[in-house]
Amino acid sequence: MLDFPRWKIWSICLALAIGVLISIPTFIPESVAQRWGIGSMPRVNLGLDLSGGSHLMLEADTTDLAKQNLIRMEEMVRTEMRRADPPIAIGDISTTGGRLSFFVRDGSRVDAAVERLRTLTQPSGMTGQRDWNVQVVDSTRVVLTPTEAGLAQATDAAMQVATEVVRKRIDEMGTREPTIIRQGAERIVVQVPGLQDPAALKALLGKTAKLEFKLVDLTANPQDVAQGRAPVGSEIIPYPDNPSGVPLIAVKRRAMLTGDELINAQLSYNQQTNEPVVSITFNSEGGRKFARVTQENVNKPFAMVLDGKVLSAPNINEPILGGQAQISGRFTTDSANQLAIALRSGKLPVALKVVEERTVGPDLGADSIRAGTLASAIAAIAVVIFMFVSYGRFGLYADLAVVINIFVILGVMALLNATLTLPGIAGFVLTIGTAVDANVLINERVREEIRRGRSPTQAVEHGYKEASRTIFEANVTHAIAGIIMFILGSGQVKGFAVVLLIGIATSVFTAVVFTRMLVSQWLRRTRPASLHI
Amino acid sequence: MRLLKLVPDNTNIGFVRLRVVAFIITALLTVAAIGATATRGLNMGVDFVGGLMIEAKFATPPSLDAVRSNIDALGVGTSSLQQFGDPGTISIRLPVPDSNDPGATNAVVNKVDASLKKQFPGVVFTRTDTVSGKVSGELIQNGVLAVVLAVLGIAVFSWLRYEWQFGVSTFVAIVHDVLMTLGFFAVTQLEFDLNIVAAVLTIVGYSINDKMVIDDRIRENMRKFRQMDMKALIDLSVNETLPRTVMTSVTVFLALGALLLFGGHVLRGFAAAMLLGVVVGTYSSIYVSSSLLISLGLQPLRIAKPEAGRPEAERVGP
């Protein structure tokens, strides 16, 4: 007990000193830290509930995704069968019930058709399953059913793109330090510190921004349009800003061009009217198509359809050959800018729904930090005084351990890049309360041993030994609760679990190892005849 | 300086003697807690039932009725109001608008904001939470799963480390703690949200800490006093660990008390739950888990016999 090798003392002190040092940047305001050149040192992140800001959880619309998956397959099948050498005639293609089915006109070519389909399906998942099941029913009908693994793969691919698109769109908004994390199979969590109005963010994210350019069907009878009846080959879609007053318009079903051929979109101003407009630029393929369409349809209106709604339907006054055009609508600068961002950052491959949204005002966050710090300080002071009054010198050692423990927890949190949330502060305060438990156990044991008539050194030695086992048992079980909270918890609960787990580890170290060192040094120096504990 | 001793040396309180009375009281309280939870239900926060929660801070404390009629006139669904923290802060709960449009929630928030601002100038929304029904269902599921797994995990741990009786008694005691906490929330109708689940898990953790300390001492004494009557042994162990139990409870009380008084309104429910948990957990360590060991037939000899047979038991130490 008394003999504590020098290297051990040094390594304990060094470990704790490092922990304390790492926690220091957290207490320095960011601007000051930058000036001192320690701006890049790890610090404890504050959760949104403390710093204020918005948290959104977005979820992919999987039914929509499955539908799109099916439509894409349909297109691929059509192209594949129409391919030369020689084409296979198919008919009655349908996508009902989540399956794709068609029949092969020439019964003898069913096998050839199935053979071609093989190139369209891919192995997916671990089981060697393919992403689509191909079956032949009634000898000429081919049925393609997406497999579970195939759907999961499609979702995964779509979510990867969606996460990127979300990231790009949020970056374009110029918000600072957003966090965008994919969570589970079909969710994305977006956290933007300091953002007070999530409406703009949601509007931006909610857009699938599917842009299409379609010819307006001039043959449609206005009365029919008003009643939602479209001529063959056309469809009626909403046109909220229609100058005619009817919020509907008939357009050709086939899109002349889609947003995929867009390479840039920007806010600009119409030179004549000074209205905000969105300037768009096509790629060479798109530019060529656009030139051809506009050449063939001079003096006819052309509808720009965004997500199934007509933004505007300007007349084609002259062929637009340069691959550049302007979308005008009743835009404000903000709405034009948002549209430009949405177009620029590409199409979301799947519709995203907001399933959880939390916004905390900066005042509340600041209030919470203030209240939390105050509570922590008062808790610490109360516990420190109580321990000293109860155990004297030994209480003082425990107090030193608790105070160092507070800094070390923050240091470890900074190192792990953990986030401090409001329940985290509660975890902190609780840690202060329970951190002394180990010392209470030890000190009570020492008292017992002294009552049994042991010498001070022996009492301390036995006290530490006996209590250490109990401390270990108790903390392992406590940690079990913490680990389960960490694994299952989301958001706040996780934040709490992190602090609790770190606190358990560091408090055992400071309470058992560190105080033992202090006590042994003191015993060695003074060799007291009796212990005052 | 004379040191403070909350528990005098060599206490000898007959805890076990009172165990039948304690069992009856515990059983009655537990049944009452279950009854309260079943009949009154918990005041579930939006985390668990889904919905829209706005925390509004008014310049001057308004009357709840005035706020309610103001919001109900908007036709955004039935509101439920609750004052919390200072009198000027009111939480407004509304159903999530039934629409696929992602902007619908914001439209509701803006509508409420505009309408309240008109009647109560200076009102600020400090926080809004929206949780859809699907997510709230998952949060409930995960919360319940977390508590159940934590309780089971701990029971299995103490069963593996000690005798099976310890596992069972710990399990029963923790279930008791959880039920009592739920009962408390059902009676007070304090909002039960994700933070409270964290609090419940913490109570479980704290309570188990407490039980481990006593169980460890019981086991130690079982080895030391092989012929002692089990009731006396448990009384001895509880009395021996009593100073520690009281000391730690006081430090935790001090810390949580600071949190309750100064930690701000957001953490008040949390602090209240944990304070209650400390009381319930300490009580159940003594009167539920330790006393239950006797009813489960734990005998000192069960451990003592095989150990006495081991050759190293005869060894003379250095």
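Order of the sequence lines fixes the chain letters, A, B, ..., with proteins taken first and strands second; residue numbering starts at 1 for each chain. Nothing here was measured: the structure is a model prediction, and the numbers come from that model.
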Given the options [options], which has more heavy-atom pairs under 4.5 Å with chain B than any of the others?
options	value
A:I432, A:N439, A:D437, A:N475	A:D437
A:R370, A:E59, A:H55	A:E59
A:R447, A:E466, A:R445	A:R445
A:I381, A:I480, A:L500	A:I480

Salt bridge flag under 4.0 Å for residues [X] and [Y]:
X	Y	result
A:R452	A:E448	yes
A:K353	A:D61	no
B:E220	B:R223	no
B:D113	B:K117	yes
B:D216	B:K211	no
B:E55	A:R358	no

Counting only non-hydrogen atoms closer than 4.5 Å, does [X] touch chain B with its backbone (N, CA, C, O), its side chain (CB onward), both, or neither?
X	result
A:E473	both
A:L441	both
A:D367	side chain
A:V436	side chain
A:R187	side chain

So which residue, [options], ends up with the most heavy-atom pairs under 4.5 Å with chain A?
options	result
B:I208, B:V204, B:L261	B:I208
B:T128, B:T248, B:V131, B:L254	B:T128
B:G205, B:G50, B:A199	B:G205
B:V250, B:L260, B:V147, B:L52	B:V250
B:R244, B:K57, B:E138, B:R127	B:R244

- Against chain A, label B:M274 side chain, backbone, both or neither, depending on which of its atoms sit under 4.5 Å from a heavy atom there.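 Only the side chain of B:M274 comes within 4.5 Å of chain A.
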- Which portion of B:Y206 sits near chain A, non-hydrogen atoms under 4.5 angstrom: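 For B:Y206, heavy atoms of backbone and side chain both lie under 4.5 Å from chain A.
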- In terms of heavy-atom contacts, does CZ of B:F171 have more than 12 from other residues, nucleotides or ligands at under 6.0 Å?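 Atom CZ in B:F171 is not packed in, count stays at 12 or less.
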- In this structure, are over 12 heavy atoms from other groups packed under 6.0 Å from A:K465 atom NZ? no
- Does any donor atom in the side chain of A:T421 or A:D49 lie under 3.5 Å from an acceptor atom in the other side chain?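 No, A:D49 and A:T421 have no side-chain donor paired with an acceptor closer than 3.5 Å.
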- Using side chain to side chain contact (heavy atoms under 4.5 Å, CB included) as the criterion, list what pairs up with A:V498, not counting sequence neighbours. A:A418, A:F486, A:I502
